[in-house]
Amino acid sequence: MNAPQRTPKLIKGATGDWEVVIGMEVHAQVSSRAKLFSGASTEFGGDPNDHVSLVDAAMPGMLPVINEECVRQAVRTGLALRAQINLRSVFDRKNYFYPDLPQGYQISQYKHPIVGEGSLTIDLEDGSQVEVGIERLHLEQDAGKSLHDQHPSMSYVDLNRSGVALMEIVSRPDLRSAEEAKAYMTRLRSILRYIGACDGDMEKGSLRADVNVSVRRPGEPFGTRCEIKNVNSIRFIGQAIEYEARRQIAILEDGGVVDQETRLFDAARGETRSMRSKEEAHDYRYFPDPDLLPLVISREMVDEIAASLPELPDAKKARFMKELGLPAYDAGILVADRETADYFEAALGHGGGGRDAKAVANWIMGDVSAYANAIGRPVHQTCVKPEHVAGIVDLIAGGVISGKIAKDVLAIIIEEGGGDPRQIVESRGMKQVTDTAAIEKAVDEVIAANPDKVAQAQAKPTLAGWFVGQVMKATGGKANPQVVNALVKARLGL
Ligand code: ADP
Ligand code: MG
């Protein structure tokens, strides 16, 4: 199914080419105020064991009660991943012992997840697209946290995260390079944020990936995979895959076999290392949780959620390209997060609209983004508002200022934390001079003062640019560059 339609990026080994095969299991913390089966808060931070109910602490006889909001978030995500929504799903106990797992099992979904098969489209740098299959999405509880560095001879347990709802989103092994895996994670995070199902904050652990990697000769069956656990940044996903693929290729080229095992990525060393082998793998003895009835949701609820979904990045990108004529690259950047897309549309439509989409996109992706990056904030959280971008674009389009002066106007807005572009231009005499007589005068003066350059330019017309530069300088950058250019050429007889 879902055979990706692109030429995979092959890795050169000592004995020939290899193809890397990747499948991802992503854990996304569900955005909800309360935990999956208890009313305790999911708030990040707080003192250890501040957000723990009797259910989360697994006191005897406590019963889990499903949080409807978490179910809705899972359905929302499933719909955004074009997936099958299962109206009946089952919660199972996944049994294992861990000090920070007081129940002695995690409530998860095994054979009957709430969401079945779906897909997600990723955009690659060369402009091609790959459709990645989604195998399933299920709901489960997060575990607590053991703290080993608080006391010389004791470990502590913090149950604040115990019972927080996670969605595990499992992809098919459809990814064929580190770049594709990073693009997958980026797009998945973007979708989760668009729909508000997960904040996508990888630094806080709200989103983390188990990365399954194997290698094979092109065209051969899949090789044995290793699973790299809990990778918590998109950059690390790329590094872990590059390292792991090379490691497996080296083993195979040496005549060895890859052991199926769980590995950890050591970010400081840029390496993966063994955590446990398949032989040590747990037998979780899954069985349906007797404290919970099968989860049954109605078709009406699914339809209602479907109707409330926002426009998703794919659809938005297609619309920006088709209706606004933006190139795929620009549209892709603008839709990467919902706030930037909204910012762009607000600038484009400000005061009735009518401006050139490409010009608005250029300003946002260029100077405004550069400023936002410099101060480490997203574009929509800077003092440069959509109406400023709209105003600047209008002034250029109307021939009031040149692109160069527009940069000065933006600098003033940034410096002063705001301002009306038109007023800034008026009050500070930044208006472009299109008055031909004034420009002619400046051109004549520069020509008269530089007879030697005139001779040179007449011999080599590309040197006319020097005169244009001098005239722009003489007019404080306010002369209309097209007019200057035309006049210089006319006067030099070019
Ligand atoms: P298990 O049930 O043992 O966890 P799954 O078949 O559910 O295994 O696969 C888990 C993840 O591993 C999925 O994301 C899947 O795409 C990926 N995967 C499966 N086989 C391979 C392989 N040969 N190479 C890379 N990834 C794989
Ligand atoms: Mg699995």
Side-chain angles (χ1 to χ4, degrees), residues 1-4 8-11 18-28 77-78 81 83-84 86 89 92 94-96 106 108-120 122 130-140 166-185 187-189 207-231 237-238 240-249 251-252 257-265 272 275-286:
M1 265 182 49
N2 290 322
K9 203 180 110 196
L10 299 179
I11 300 177
W18 295 88
E19 183 176 54
V20 59
V21 173
I22 304 148
M24 310 260 277
E25 295 166 284
V26 172
H27 284 97
T77 308
L81 296 173
Q84 156 91 30
N86 296 322
S89 63
D92 296 284
K94 180 178 180 180
N95 299 282
Y96 60 103
Q106 176 193 33
S108 181
Q109 297 189 306
Y110 188 49
K111 288 206 176 117
H112 305 284
I114 184 162
V115 175
E117 288 183 15
S119 69
L120 178 155
I122 55 173
V130 176
E131 187 167 315
V132 182
I134 301 290
E135 194 177 302
R136 58 187 275 150
L137 175 158
H138 65 254
L139 277 168
E140 63 184 27
L166 301 177
M167 294 182 284
E168 180 171 333
I169 304 163
V170 183
S171 87
R172 294 208 174 277
D174 285 349
L175 300 159
R176 294 290 178 272
S177 67
E179 186 209 345
E180 291 183 12
K182 290 199 289 182
Y184 172 80
M185 195 65 176
R187 176 47 66 97
L188 180 56
R189 181 175 61 179
L207 194 63
R208 44 197 201 257
D210 298 343
V211 187
N212 293 271
V213 179
S214 65
V215 296
R216 65 170 173 183
R217 295 289 190 188
E220 302 221 320
F222 287 156
T224 305
R225 72 189 150 99
C226 288
E227 179 178 2
I228 310 159
K229 277 279 178 200
N230 269 326
V231 188
I237 290 173
I241 292 167
E242 300 278 1
Y243 177 89
E244 182 59 20
R246 295 247 157 239
R247 188 187 72 83
Q248 294 181 15
I249 291 169
I251 292 173
L252 295 171
V257 286
V258 173
D259 290 325
Q260 184 171 342
E261 58 182 4
T262 305
R263 300 178 68 86
L264 277 180
F265 179 65
T272 64
M275 216 171 118
R276 58 172 185 263
S277 71
K278 182 75 176 172
E279 289 73 53
E280 303 163 57
H282 301 284
D283 177 356
Y284 295 112
R285 299 287 169 117
Y286 280 98

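Numbering of ligands and ligand atoms starts at 1, following listing order.
For ligand 1, the atoms sitting less than 4.0 Å from at least one non-hydrogen atom of Phe222 are 23 (N), numbered in the order shown with element in parentheses. The contact set between ligand 1 and Glu135, taken as ligand atoms under 4.0 Å from a residue heavy atom, comprises 7 (O). When each atom of ligand 1 is checked for a heavy atom of Gly223 under 4.0 Å away, the hits are 23 (N). Counting the atoms of ligand 1 from 1 in the order shown, those under 4.0 Å from a heavy atom of Arg172 are 16 (O). The atoms of ligand 1 that sit less than 4.0 Å from any heavy atom of Val21 are 24 (N), 25 (C). Counting atoms of ligand 1 from 1 in the listed order, those under 4.0 Å from a heavy atom of Met24 are 14 (O). Within the listing of ligand 1, atoms 13 (C), 14 (O) sit less than 4.0 angstrom from a heavy atom of Val170.
Under 3.5 Å, the side chains of Asn95 and Arg285 contain no donor-acceptor pair of N or O atoms.
Aromatic ring orientation, Tyr96 versus Tyr284: perpendicular (interplanar angle above 60°, classes split at 30° and 60°).
Among Ser171, Pro173, Ser214, the residue whose heavy atom lies nearest to atom 13 (C) of ligand 1 is Ser171. For atom 3 (O) of ligand 1, the nearest non-hydrogen atom from the set Gln260, Glu168, Glu227, Arg225 comes from Arg225.
Judged by distance alone, with hydrogens and angles left aside, the side-chain atoms of Thr272 form no donor-acceptor pair with the main-chain N or O of Ala240 at under 3.5 Å. A donor-acceptor distance shorter than 3.5 angstrom exists from the side chain of Arg136 to the backbone of Tyr110, with no hydrogens or angles considered. When atom types are taken as modelled, the side chain of Gln248 and the backbone of Val213 share a donor-acceptor pair closer than 3.5 angstrom. Side-chain N or O atoms of Glu220 include none that pairs as donor or acceptor with a backbone N or O of Arg216 at under 3.5 Å.
The distance from atom CG of Asn230 to atom CE of Met275, rounded to the nearest 0.5 Å, is 7.5 Å.
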